[in-house]
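Scope of the values below: all heavy atoms of this structure, side chains included, with no hydrogens, waters or symmetry mates. Remember, it's 1-based here, ligands and their atoms both numbered in the order they're listed.
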Amino acid sequence: MKLLVVGSGGREHALSWSLAKSRRVSKVYIAPGNGGTHNQEKLEAVSLSDPHELAKFAAEQNIAYTVVGPEAPLAAGIVDIFRQNGLKIFGPTKAAAQLESSKDFAKEFMVRHGIPTANHKTFNNPDEAKKYVSKQGAPIVVKADGLAAGKGVIVAETVEQAHAAINDMLGEGKFGSAGARVVIEEFLDGEEVSFIVMCDGKNILPMASSQDHKRLLDQDKGPNTGGMGAYSPAPLVSEHMHKRIMQEVIQPTINGMHTDGIPFSGFLYAGLMVQPGDDKTRPIKVLEYNCRMGDPEAQPIVMRIKNDMAVVFESAVNGNLSPNAIEWDPRTALGVVIAAYGYPDNVRTGDAITKLASNSDNCVTFHAGTTIKDGVLQTSGGRVLCVTALADTVQEAQAIAYKAVSQTEFDGMQYRKDIAWRALTN
Ligand code: AMP
Ligand code: GLY
């Protein structure tokens with residue numbers, strides 16, 4: 001069968017890399033793909049991104065099903081368009097994708113269904129928002145309601161910082177319509193975990209646990225980014241914690257969407273804050289939902305899948321996903337993101353990538369912000385590559401990944417040297 005993957009990031013490269021390994025798959029088209037999505041047998045990039053054109057392509061090419069990577073096409077209704085045309089696609093509808101595309105929708109949903117999350121209030125009037133912040137005190141969190149490419153959350157350490165964020169969003173319109181409403185939220189202390197599941201509307205298949213590194217610099221310093229590296233499994237998610245997350249967060253979310261008449265299919269990503277305490281009692285609270293896999297969490301997670309993902313997705317689009325359909329490699333996978341000069345604020349593109357490590361069974365360089373121009377592989381985005389290694393221990397995975405990083409070269413490359421540090425200190 002022929003498949004289509006929509007997106008151009010490291011997550012989509014990893015998904016199509018995995019799907020192309022299936023013996024049942026003759027071709028994986030990736031739209032639009034990146035500078036690394038043509039190097040594998042059976043992978044082919046197609047330069048399309050409009051959902052209607054993609055649906056036309058899928059129909060003409062007799063694509064068995066489509067997998068959508070990023071949130072933007074999901075929030076724009078690509079799943080609705082494909083389904084209206086009788087095409088199979090894995091992802092949430094536009095209505096269900098509101099779990100990610102509107103923070104206010106997500107918060108109201110959680111309150112309605114008793115899903116644990118930080119206390120909040122939503123505002124569209126800057127003076128009222130500021131008054132509320134002054135009353136609550138700092139630290140406090142200010143979030144743009146809509147999609148803001150990972151930049152719409154300000155964890156304010158002072159009331160003044162929170163006021164400035166409110167001015168940016170509600171006063172100056174710095175985030176456009178995404179910031180026309182703000183959610184103000186109680187600050188939560190604890191350790192973050194990404195918990196991702198696949199869902200076909202009713203059946204749930206949990207992915208292996210993972211942890212992202214959101215800050216730019218070592219020791220979790222510097223500005224927030226889309227993610228500078230990730231690893232799987234996350235030791236924090238013990239068997240007991242896994243059960244609790246399923247019972248307290250995931251199952252009520254899927255049930256709640258069903259009750260509200262907008263069943264969720266696709267990847268559901270719960271960004272969780274696990275607060276201090278012991279495994280039985282420590283509070284687990286939802287920071288955010290995403291309606292897709294995480295990037296870079298997907299890269300290590302996908303490296304740990306031992307069986308045929310094409311079959312797993314096929315059962316999901318047909319509504320008979322089995323909760324145990326994935327066989328996980330017990331080893332640790334770890335991905336180090338290599339970002340461009342100036343990331344995350346002023347990304348420089350167009351740097352030639354002069355060296356890349358060779359891929360092997362236990363180390364793969366997934367591409368993200370890369371393109372080929374005049375025959376030269378060069379940077380084209382903030383997060384350029386994700387070097388992902390698989391090994392028996394966290395230390396070995398680090399050693400393999402960082403060796404491959406040292407064999408990679410482009411001007412201005414920056415990366416963290418401490419990916420998975422929490423796994424070594426827990
Ligand atoms: P979000 O996009 O909502 O996950 O927010 C981005 C990042 O901001 C999260 O990964 C956390 O590091 C931080 N964050 C969000 N909400 C809170 C909160 N209520 N308390 C503390 N940190 C938060
Ligand atoms: N790595 C976090 C995200 O994909 O949202």
Would Glu297 count as being in polar contact with ligand 2, using the rule that some N or O on each side must be under 3.5 angstrom apart?
yes
Next on the checklist: Can you see whether Phe109 has Lys107 sitting over its ring - NZ or CZ less than 6.0 Å from the centre and within 45° of the normal?
Outcome noted: no
Ligand 1 atoms nearer than 4.0 angstrom to some heavy atom of Lys143 are 3 (O), 15 (C), 16 (N)
Leu268 versus Met198: any side-chain heavy-atom pair under 4.5 Å?
no
- Could you tell me how the ring of Tyr65 sits relative to the ring of Phe313: parallel (under 30°), tilted (30 to 60°) or perpendicular (over 60°)? tilted
Anything under 30° is parallel, anything over 60° is perpendicular, the rest tilted; go ahead and classify Tyr402 against Tyr415. tilted
Tyr341 atom OH: more than 12 heavy-atom contacts under 6.0 Å = no
The answer for which part of Leu287 has a heavy atom under 4.0 Å from ligand 1 is both
Ranking Leu272, Val155, Ile184, Asn224 by closest non-hydrogen atom to atom 14 (N) of ligand 1, top hit is Val155
Ligand 2 atoms nearer than 4.0 angstrom to some heavy atom of Asn290 are 5 (O)
for atom 2 (C) of ligand 2, nearest protein heavy atom and its distance come out as Asp212 OD2, 3.4 Å
Just checking, Arg292 and Phe267: is the charged tip under 6.0 Å from the six-membered ring centre and within 45° of the axis? no
Checklist entry - Below 6.0 angstrom between ring centroids: does that apply to Tyr132 and Phe123? => result yes
Could you tell me whether the side chain of Lys130 and the main chain of Ala164 form a donor-acceptor pair under 3.5 Å?
no
Numbered in order shown, the ligand 1 atoms found under 4.0 Å of a heavy atom of Lys103 are 1 (P), 2 (O), 3 (O)
The atoms of ligand 2 lying under 4.0 Å from a heavy atom of Gly226, numbered in the order shown, are 1 (N), 2 (C)
If we number the atoms of ligand 1 from 1 as shown, the ones under 4.0 Å from a heavy atom of Phe187 are 20 (N), 21 (C)
Under 4.0 Å from one or more heavy atoms of Lys214, ligand 1 contributes atoms 10 (O)
_If you count heavy atoms of other groups shown closer than 6.0 angstrom to CG of Asp278, is the number above 12?_
yes
To the nearest 0.5 Å, atom CZ of Phe82 lies from atom OG1 of Thr66 at 4.0 Å
Query - Contact with ligand 2 for Gly294, non-hydrogen, under 4.0 angstrom - result: yes
- Does ligand 2 have an atom that lies less than 4.0 angstrom from a heavy atom of Pro296? yes
Nearest non-hydrogen contact to atom 3 (C) of ligand 2 from the set Lys214, Glu192, Arg292 belongs to Arg292
Here the atoms of ligand 1 under 4.0 Å from any heavy atom belonging to Glu185 are 16 (N), 17 (C), 18 (C), 19 (N)
Under 4.0 Å from one or more heavy atoms of Tyr269, ligand 2 contributes atoms 2 (C)
Residue pairs passing the salt bridge (charged side-chain N to carboxylate O under 4.0 Å, His left out) test with at least one member in residues 252-273, sequence neighbours excluded, are Arg112-Asp260
Short version for Glu186: what comes under 4.0 Å of ligand 1, heavy atoms counted, is backbone
Atoms of ligand 1 under 4.0 Å from any heavy atom of Val141, numbered from 1 in the order shown, are 16 (N), 17 (C), 18 (C), 19 (N), 20 (N)
